[in-house]
Amino acid sequence: MRSHCVKVLGTGSGIPEGRLTNNDLEKMVETSDEWITARTGIKERRIVKPHESAATLSLQAAWTALERASVSPSELDVIIVATVTPEMPFPATACILQDQLGATKAACFDLEAGCTGFVYALSVAEKYLRGGGGEKALIIGVETLSRIVDWQDRSTCVLFGDGAGAAVLGIADEPGVLATYLGADGRGGPLLELPAGGSRIPPTSETIERRLHYIKMSGNEVFRFAVKIMEEASREVLRRARVPIEDVDLFVPHQANIRIIDSAAKRLGIPRDRIFLNVQKYGNTSSASIPIALNEAWEENRIFAGDLVLLVGFGAGLTWGSALIRW
Ligand code: UT7
């Protein structure tokens, strides 16, 4: 009989080589390493070179995850790419990736849920496989935020970075993804948006001049929302899985700001040694942040077979999501 569990079979990442440090930013806008470190925990971020894009980073992450999962592209039933910076408005980055991988039988689509994108993709793919859509899924979180950051706006340009993370999921006999929880509140949309370039404000020379093709954010409001929702989303997914918080081996939160992570962890009573942190190296990579962290935690032997891993994210939309995984 067909099993109804979905496991993570392998992870990978695509990290651009270009580095931008806080000291580099000091030469670009009125800021300081002290301010950025104290307010965000970020020391540097990775930035794509002109020849790199969402597809090149995704491809790198995908090959590593497929190799570690011992899955070939032809076995994939679905590819989901979570991103706010796709290769282009259409076709979907997932279709471009499918062609490059030769994953000919996979259904492909992109998903946009702000920084929660990867958790959304995980939840959708898990339900797709469990619902009979196939045996294997490739999910990616990828961003080239350096292409939509306003490099003259010090309140946002110090925060974001580029990268990709991937996971291969498969039907298995033993439990893997134990529970997921997704939510959204569209009333908070204006708090974090890229106003132009869509059907409401199509691109014109005026929209470019008014810098409407860049990220606009109300940092304080997003901060307050983030701390509250990280706690709520963590508690809800644990409630759904009937797992006490003490049993979680590793907490892998969206890497937006060390202060958000610390405040949420304090409310949840999670000690620092059970939290994975890499915001200092990559900044906020939106959809890519959680899968990059998950992959790095695995590479650094912070996750072992049988461990309980809690993913939790929040982002533009506003959106939030959490997932509890038995590794
Ligand atoms: O993935 C979801 C995406 N977004 C987030 O997670 C962002 C959530 N928000 C945050 O992380 C924080 O709100 C920020 C890091 C963006 C800002 O930190 P804050 O402690 O909320 O600072 P603030 O916005 O209240 O600004 C304090 C001061 C202001 O100066 P005045 O008005 O007090 O004189 C800012 O102008 O810091 C100033 N400031 C800066 N100073 C130096 C803002 N950005 C900078 C900067 N360097 N880069």
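When a ligand or atom number is given, it counts from 1 through the structure's own listing order. Each residue takes its place number in the sequence, starting with 1.
A salt bridge does not link Arg147 to Asp162: none of the charged nitrogens lies less than 4.0 Å from a carboxylate oxygen. Remark: Glu44 engages Arg19 in a salt bridge, criterion side-chain N to carboxylate O under 4.0 Å. The residues Arg46 and Glu52 are annotated as not salt-bridged, no charged nitrogen and carboxylate oxygen being separated by less than 4.0 angstrom. With salt bridges taken as basic N to acidic carboxylate O contacts below 4.0 Å, none links Glu296 and Arg302. Using a 4.0 Å cut-off between a side-chain N of Lys or Arg and a carboxylate O of Asp or Glu, Lys136 and Asp77 do not qualify as a salt bridge.
Counted by atom type alone, Lys43 and Thr37 present one or more donor-acceptor pairs between their side chains at under 3.5 Å. Neither side chain, Glu143 nor Thr285, offers a donor N or O lying under 3.5 Å from an acceptor on the other. Side chains of Lys127 and Thr180: a donor on one and an acceptor on the other come within 3.5 Å. Residues Glu232 and Tyr181 have side chains that never bring a donor and an acceptor to within less than 3.5 angstrom of each other.
Looking at Gly219 next to ligand 1, an N or O pair under 3.5 Å apart turns up. Looking at ligand 1, you'll find an N or O of Asn220 within less than 3.5 Å of one of its N or O atoms.
Below 4.0 Å from some heavy atom of Asn257 lie the following atoms of ligand 1, by number and element: 10 (C), 11 (O), 15 (C). The Ser155 neighbourhood of ligand 1 comprises atoms 44 (N), with distances under 4.0 Å to a heavy atom of that residue. Set against the non-hydrogen atoms of Ala256, the atoms of ligand 1 under 4.0 Å away are 6 (O). Shown in contact with Arg259 at under 4.0 Å from a heavy atom are these atoms of ligand 1, numbered in order with element: 18 (O), 20 (O). Within the listing of ligand 1, atoms 19 (P), 20 (O), 22 (O), 27 (C) sit less than 4.0 angstrom from a heavy atom of Arg39. The ligand atoms of ligand 1 that sit less than 4.0 angstrom from a heavy atom of Cys115 are 1 (O), 2 (C). Of all atoms in ligand 1, listed by their number and element, those nearer than 4.0 Å to a heavy atom of Val158 are 48 (N). Annotation for ligand 1: atoms under 4.0 Å from non-hydrogen atoms of Thr40 are 15 (C).
Closest to atom 12 (C) of ligand 1 by heavy atom, among Phe225, Phe160, Phe223, is Phe223. With distances taken over non-hydrogen atoms, the option nearest atom 16 (C) of ligand 1 out of Leu159, Ile42, Asn22 is Leu159. Across Gln255, Arg154, Arg224, heavy-atom proximity to atom 48 (N) of ligand 1 is greatest for Arg154.
No donor-acceptor pair under 3.5 Å is formed between the side chain of Glu193 and the backbone N or O of Ile215.
Within a 4.0 Å radius of atom 14 (C) of ligand 1, the protein has no heavy atom. Per-atom contact check: atom 37 (O) of ligand 1 touches the protein, criterion being a heavy-atom distance below 4.0 Å. Atom 29 (C) of ligand 1 lies below 4.0 Å from none of the non-hydrogen atoms of the protein.
Look at Val29 and you'll find every heavy atom at least 4.0 Å from all atoms of ligand 1. Heavy-atom separations between Ile36 and ligand 1 are all 4.0 Å or longer.
Heavy-atom neighbours of Lys105 NZ from other residues, nucleotides or ligands within 6.0 Å: above the threshold of 12. In the displayed structure, Glu67 atom CD is contacted under 6.0 Å by at most 12 heavy atoms of other residues, nucleotides or ligands.
Counting protein heavy atoms only, atom 5 (C) of ligand 1 is closest to Val222 CG1, 3.8 Å.
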